Amino acid sequence: MKYISTRGGIEPICFEEAVMTGMARDGGLLVPETIPDASTLLPEWKKLSYPQLAFEIIKLYSDIPEAELKKLIEKSYISFSTSEVTPVVKLNSFYILELFHGPTLAFKDVALQFLGNLFEYYLQKTTRQLNIIAATSGDTGSAAIYGVRGKNKIRIFVMHPHGRISRTQELQMTSVVDGNVFNIAVEGTFDDCQRILKKLFEDVEFKEKYSLGAVNSINWARILAQIVYYFYAAFRVMEETKAEKVRFAVPTGNFGDILAGFYAIRMGLPAGKLILATNENDILARFFNTGKYSIGPVHKTISPSMDIQVASNFERYIYYRYNGNSARVNELMKRFASAGEFSVEPLQSGEIDSLFVAGTANRKATLETIAQYYHRYNYLLDPHTAVGVYVGTQFIKVGEPLICLATAHPAKFSEAITEAIGKNIARHPKLDALHGLPTKCDVLPASLSEIKRYIEDKLNK
Ligand SMILES: *Cc1c(COP(=O)(O)O)cnc(C)c1O
């Protein structure tokens, strides 16, 4: 499989290059040249374990020799606490797809465990080093650190805003004391961290000299790894209910998770709807309800991993919506960059999209949803998952079982749980065990030059 840019400005590149560069040189996002049709394979795929299914799907998009790909996938999912990797549980009239059984208890592990091993695989053939730089407001940082800790030829620098992330999130990162992991607490906000990150990558000389790399959610390998659980969950639920179709509700921020569902459906997965759920940062929900994509201010919410206004993967959706017309993608992205908005025409049916529907859960609805499912069904939803359940259950359709993606373990966001039900009952032994461990973190001012000097200093050692 070759990869091309949504903006049409590059020659096709191979899977390795797509994974290692992350982004297309023309400023666009990388997409596979074609989407393989797997509909005739589904009867076989139904019988497979999670790692076997992952192998069959990833094989279609990569050119890694089969034996090595198999090893790589097995290694990535052995770190999950259940052999099912992403189990499905029944809750009242719908299903929960639990994506939080990885090392950091959030769905990002599914992709980042795999990506870390992919990086290692490609680097082992070369003399190259990879120095990953990331900025995090919480979940991505720890999942990325756990993806590459202890790996040869890879070092990772993660900036987080000092004192502005939860104690649990901070400990999940700083308690990793491997020699290749550097935690930087930046004396500033998350925006400061992101600004510095952007500047570091814009400095081409510095970037090349130190072979800087990124792990952000636009990396194709992250989307690819996430396609697997859509199939896995649909097979489980269709088997149990004998339904011929399912629908998915996805708590959404950067549009990476739900985009994987879109690819799964394009590959032949029988699904009726993709239900996009946002918190008060509702740019995407507004888009799918009105056709207008317009940026607003970022709101701080109790589902912080979705506090995003500009969804970095959305450009891939636009690309498919216009059937691969890169000129149109360029035009819309340019308009968005200058005016902060653009609109698309509704379909003939009057809908904005025939597959996606969308809604928003505000703070009150999210807290009530957590309380309701705890009291009625004794099941604890984390606040992100609660957003998905609240919106998803507004789109129930008989004969099309609903699968709500659970993106984090509730113990990661115990403050919200306490607020919702009045006591702190969201615990996880992995998080309890973090307290009292040795930690490693350096506090630096929110200054590009200081952070550059720090990175150089560590890399020249
Ligand atoms: C990252 C994240 C999301 C949002 O996923 P996107 O791919 O950015 O849409 C939702 N929930 C949790 C817990 C996350 O960490």
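Atoms within each ligand, like the ligands themselves, are counted from 1 in listed order. We use all heavy atoms of the structure for the numbers below, so side chains are in, but hydrogens, waters and symmetry mates are not. If you're wondering where the values come from, they're calculated on a predicted model, not measured in any experiment.
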Pair [X] + [Y], salt bridge at N-O below 4.0 Å:
X: Arg236; Y: Glu240; result: no
X: Glu315; Y: Arg7; result: yes
X: Lys151; Y: Glu120; result: yes
X: Lys412; Y: Asp382; result: no
X: Glu368; Y: Arg363; result: no

Quiz item: Is there a donor in the side chain of Lys430 and an acceptor in the side chain of Gln172, or the other way round, less than 3.5 Å apart?
Solution: no
Quiz item: Under 3.5 Å, is there a donor-acceptor pair linking the side chains of Glu98 and His101?
Solution: yes
Shortest protein heavy-atom distance from [atom], along with the residue and atom involved:
atom: atom 7 (O) of ligand 1; value: Asp257 N, 2.9 Å
atom: atom 11 (N) of ligand 1; value: Thr407 OG1, 2.8 Å
atom: atom 9 (O) of ligand 1; value: Gly253 N, 2.8 Å

[X], any N or O under 3.5 Å of ligand 1 N or O:
X: Lys108; result: yes
X: Asp139; result: yes
X: Ala408; result: no
X: Pro251; result: no

Practice problem: Identify which of Thr104, Ile258, Asn254, Leu105 has a heavy atom lying nearest to atom 6 (P) of ligand 1. | Solution: Asn254
Quiz item: What part of Phe255 sits under 4.0 Å from ligand 1 if we count only heavy atoms: the side chain, the backbone, both or neither?
Solution: backbone
